[in-house]
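Take a look at the structure set out below.
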Amino acid sequence: MTETLESLFEPIRARIAAATDEDELRKIERETLDKGGTVAALLAAIPSLPGPKRPLAGKRANELKNAIGAALAEARERLARLAMERERTGAGFDPTLPGARISRGGLHPLVAVTRELEDLFTSMGYVVLDGPEIETDYHNFEALNIPRDHPARDMQDTFRLDLEGKLVLRTHTSAVQARGLKRLADEIRAGRFAPPFRAIVPGKVFRQETTDASHEHTFHQMEGLVVGKDVSVGHLIGAMKTLLRGVFGREIEIRLRPGYFPFVEPGFELDARCPFCKEGCSVCKRSTWIELLPCGLVHPNVLQECGIDPEHWSGFAFGLGLSRLVMLRYGIDDVRLLLSGDLRFLEQF
Ligand code: PHE
């Protein structure tokens, strides 16, 4: 029995000495000291021994139990010391492992395209104008040759802000045309500035309408306005071609169709040849043309109203649908996504 105990302890001692973590030690402890383990099996065998041998066998079994317990305690201390030592010296720390990823914000696609267009137009001598989103009926409509009872008011479903009908949420960036022209008139009169005057107005506009994938009550436009001597439709076409080249990175064929807006004469709808297909696709609704921007020569009534002599000066204006352009550019099929604030959408840019 004595030998049996010695020969039992040796392999256990070796396993404990070789253990490198607490899980292993715990496993050995379970197999030896816990209920049903080696020591318990030995103790259970004692009653079957001849009487005189029992006391010694019992003593040895207890010695084995204590020896295993001591070896385990020692091993645990060794592991703890090792862990502390590792921490102190930095051993086991791998500086080449990739760090935790920090997520960075990006530009909203509307902002990215607006900045690109601002760069493009300022490089051609345009200034960037701003105007209020809460606008007077006068700047939004009347100054633009749209009097109170004019049927063209029905073209734009307006959010009105007061009962007298003086304040509106601007329905188009054209409202800033009126403000810009009046300012220009002042500058010309004071002799501080001489045309040509070129401006763009990127901004938010509002329409009271039922929303769906292609309609939103709040969207973005970019107005363009140029006033000078003998400004013609040719200048307008030239500017629009440059705009499209800037946006799509290559020459894009365009066509003009007549379009009616009270503040331009003649007025046009400018279509661009679909940049995505040759034979027709879902973007151009199988027509190969995309209706992109309304434009025209500034109506003499508008110039007159804003204090600029239409006998001396002429100009062109265009109203780029910025939201629509962003959708075309990135293949976004629902305008409501743009202002949704949905991170699943935004994180794609
Ligand atoms: N303001 C017009 C609209 O939103 C577009 C437009 C702008 C048309 C400039 C002609 C010239 O519908």
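Computed over heavy atoms, backbone and side chain alike; hydrogens, waters and symmetry mates excluded. Since this is a predicted model, take the numbers as computed values, not measurements. Each ligand, and each atom within it, is numbered from 1 in the order the structure gives.
- Ala317 counts as a contact of ligand 1, since one of its heavy atoms falls under 4.0 Å from the ligand.
- Residues Phe261 and His172 keep their aromatic ring centres 6.0 Å or farther apart.
- Salt bridge status for Asp34 with Arg26: present, with a side-chain N to carboxylate O gap under 4.0 Å.
- A salt bridge links Glu85 to Arg88: at least one charged side-chain nitrogen sits closer than 4.0 Å to a carboxylate oxygen.
- Scanning the protein heavy atoms around atom 5 (C) of ligand 1, the nearest turns out to be Pro294 CG, 3.5 Å.
- The ligand atoms of ligand 1 that sit less than 4.0 angstrom from a heavy atom of Gly319 are 7 (C), 9 (C).
- Salt bridge Arg336/Glu216: absent, no basic N to carboxylate O contact under 4.0 Å.
- Using a cutoff of 4.0 Å between basic side-chain nitrogens and carboxylate oxygens, Glu135 and Arg170 are not scored as salt-bridged.
- Between Arg207 and ligand 1, at least one pair of N/O atoms sits closer than 3.5 Å.
- For a threshold of 3.5 Å applied to N or O pairs, the pair formed by Gln221 and ligand 1 contains at least one separation below that value.
- When only interatomic distances are considered, the shortest N/O to N/O separation between Ser174 and ligand 1 falls below 3.5 Å.
- Here Lys27 pairs with Glu31 in a salt bridge; the nearest charged N to carboxylate O distance falls below 4.0 Å.
- Note on ligand 1: Glu269 sits outside its first shell, no heavy atom being nearer than 4.0 Å.
- Using cut-offs of 30° and 60° for the angle between ring planes, the Phe345 and Phe349 rings count as perpendicular.
- Residue contacts with ligand 1, taken as heavy atom pairs separated by less than 4.0 Å, involve Phe263 solely via side-chain atoms from C-beta onward.
- Looking from atom 12 (O) of ligand 1 to the surrounding protein, the closest heavy atom is Gln156 NE2, 3.6 Å.
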